[in-house]
2 protein chains.
Amino acid sequence: MSPRSSILSTADARRPLVAASAVTAFARGGYHGTTIAVVARDSGISPAYVSKLFPTKERLFVAALEECMTRVVEALERGADAASSQDPDVVLDAMGDAYAHLIADRALLMLQVHAQSVADVPEIGAALRAGLESVTTFAKSRSGASDAAVQRFMAYGQLCHLIVTAGIEQIPAHWATLLSDGITHPG
Amino acid sequence: MSPRSSILSTADARRPLVAASAVTAFARGGYHGTTIAVVARDSGISPAYVSKLFPTKERLFVAALEECMTRVVEALERGADAASSQDPDVVLDAMGDAYAHLIADRALLMLQVHAQSVADVPEIGAALRAGLESVTTFAKSRSGASDAAVQRFMAYGQLCHLIVTAGIEQIPAHWATLLSDGITHPG
DNA sequence: CATATGAGTGACTGTACACTCACTCACCCC
DNA sequence: GGGGTGAGTGAGTGTACAGTCACTCATATG
């Protein structure tokens with residue numbers, strides 16, 4: 001243990017930390033709207049080193065997205081484990097609540113929306129599909145719900161994304177409450 | 001450019017044409033990923049003149065989004081008019097089919113996804129909310145369906161956006177068909 | 001014809017950004 | 001203590017792009 005200001009780490013140890021910073025940074029500005037310099041600042045390292053850890057911006061975004069989708073599945077898992085019964089609809093509901101709780105800070109939600117926006121970049125599209133596959137298959141197999149119920153689960157998840165990104169939950173008009181009704185918000 | 005080939009028009013007549021080009025251009029690359037020069041080329045005018053017609057890129061995007069949302073409502077209207085009965089659920093279904101037909105070329109769909117992505121830009125967020133308000137209120141009032149049915153209509157619309165942007169419809173796996181099932185695709 | 005008005009542009013400016021490279025320095029093993 | 005390996009950076013480079021401006025020219029009217 002050197003008492004020195006040894007901030008040295010291994011590249012392999014640093015990469016996931018940078019990916020975690022990238023999640024919040026890209027969530028804020030999207031793919032094109034976020035610079036490597038911002039991710040570097042959030043990570044406490046130089047832009048040059050970010051580029052060394054992730055050879056292209058695209059790869060950095062993919063790493064962030066993978067991190068994001070992993071956290072989503074973990075949240076669903078925790079929700080399912082905490083369900084009051086193992087009835088498929090109850091489990092699915094519990095997953096929905098867990099998801100709503102997870103995205104209270106908006107970062108994981110926004111990143112998914114941004115990813116949709118640039119899914120035509122092949123590597124990003126592939127990562128998005130992989131993430132959706134794990135979410136969907138997990139929701140289906142863990143809950144044991146019908147295909148239709150899982151589809152509905154995902155559909156209302158997407159509606160939730162729209163409500164948050166567009167800021168609909170703060171609108172008092174009837175059309176807005178109609179959309180938000182029953183969608184669990186962050187406190 | 002040779003003065004012969006230039007066809008003079010009024011700025012007010014040209015603006016909507018440029019907005020229409022902007023719809024497809026922004027749909028392709030999103031807000032940050034699309035340059036004014038691209039819109040200019042698609043419109044057959046110079047970048048400088050695009051900037052004269054729309055003083056900022058932001059305003060240009062807003063114009064495109066407004067055009068987009070207007071076309072969506074018009075499509076819903078046509079769908080409702082073509083419904084086989086005036087039963088609320090039937091009308092809503094007909095609107096869904098009309099929407100699916102409208103977004104066959106993906107441009108109007110992609111633009112909405114891109115708009116979500118940059119909805120934190122105040123003017124764009126406002127335009128998005130305005131568009132969603134007109135879609136939602138129209139769907140509700142024209143169909144006469146329950147709030148819950150309209151909410152479901154919108155939720156599955158969002159799921160449709162996800163399916164198309166992520167390219168899920170081409171995946172033969174079960175998780176993918178589960179999501180796409182019953183969502184009308186373009187031929 | 002003379003002059004005004006407005007459409008439309010070429011050339012430019014300032015800036016921002018992804019990525020590179022030569023380099024420094026910390027740590028480890030002898 | 002000396003040399004090798006890899007962490008980490010400062011200073012660039014090339015490029016792309018939003019917005020500006022002085023200008024040309026077409027048309028309209030007296």
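Proteins come first, then strands; the chains are lettered A, B, ... in the order of their sequence lines, and each starts at number 1.
- Not one N or O on the side chain of B/Thr34 forms a donor-acceptor pair closer than 3.5 Å with the backbone of B/Tyr31.
- Residue B/Thr56 places its side chain closer to D/dG19 than to any other of D/dT20, D/dG19, C/dC19.
- Rounded to whole Å, atom P of C/dA18 lies 10 Å from atom CG of A/Leu60.
- One can place CZ of A/Phe61 at 17 Å from P of C/dC17, the figure rounded to the nearest angstrom.
- In this structure, A/Arg28 pairs ionically with A/Asp42, as a charged nitrogen and a carboxylate oxygen lie closer than 4.0 Å.
- Taken over five-pair windows at either terminus, the axes of the helix from C/dC1-D/dG30 to C/dC30-D/dG1 are inclined to one another by 10° (rounded to 10 degrees).
- Protein atom OH of B/Tyr49 is 18 Å distant from nucleotide atom P of D/dC21, rounded to whole Å.
- The backbone N or O of B/Ala11 lies less than 3.5 Å from no partner atom in the side chain of B/Lys52, so there is not a single donor-acceptor pair.
- Whole-Å rounding puts the B/Arg15 CZ to C/dG6 P distance at 13 Å.
- A distance-only check finds no donor-acceptor pair linking the side chain of A/Ser180 to the backbone of A/Thr177 [under 3.5 Å].
- Within a heavy-atom distance below 4.0 Å of DNA chain D, no residue of residues 25-36 of chain A is found.
- Residue B/Asp12 contributes atom CG, which lies 12 Å from atom C1' of C/dA7 at whole-angstrom precision.
- Summarising the geometry, the separation between CZ on B/Arg59 and P on D/dG19 is reported as 11 Å, rounded to the nearest angstrom.
- In terms of modelled atom types and a separation under 3.5 Å, the side chain of A/Ser134 and the main chain of A/Ala130 share a donor-acceptor contact.
- Protein atom CZ of A/Arg41 is 13 Å distant from nucleotide atom P of C/dA16, rounded to whole Å.
- A donor-acceptor contact under 3.5 Å is formed by the side chain of A/Lys52 with the base of D/dG8.
- Around CZ of B/Arg15, the count of heavy atoms belonging to other residues, nucleotides or ligands within 6.0 Å exceeds 12.
- Distance CD/B/Gln116 to NE2/B/His161: 8.0 Å, rounded to 0.5 Å.
- A/Glu67 places no side-chain N or O within donor-acceptor distance of the main-chain N or O of A/Val23, the cut-off being under 3.5 Å.
- Side chain of B/Thr136 to main chain of B/Glu133: no donor-acceptor pair is present (N/O by atom type, distance under 3.5 Å, no hydrogens or angles).
- Closest to the B/Arg14 side chain, of the nucleotides D/dG8, C/dA18, C/dG8, is C/dG8.
- Straight-line distance from the CD1 atom of A/Ile45 to the C1' atom of C/dC19: 15 Å, rounded to whole Å.
- Looking at the side chain of A/Ala11, the nearest of the listed nucleotides D/dA7, D/dC21, D/dT9 is D/dA7.
- Comparing D/dT9, C/dA7, D/dG8 against the side chain of A/Ala48 picks out D/dT9 as the nearest.
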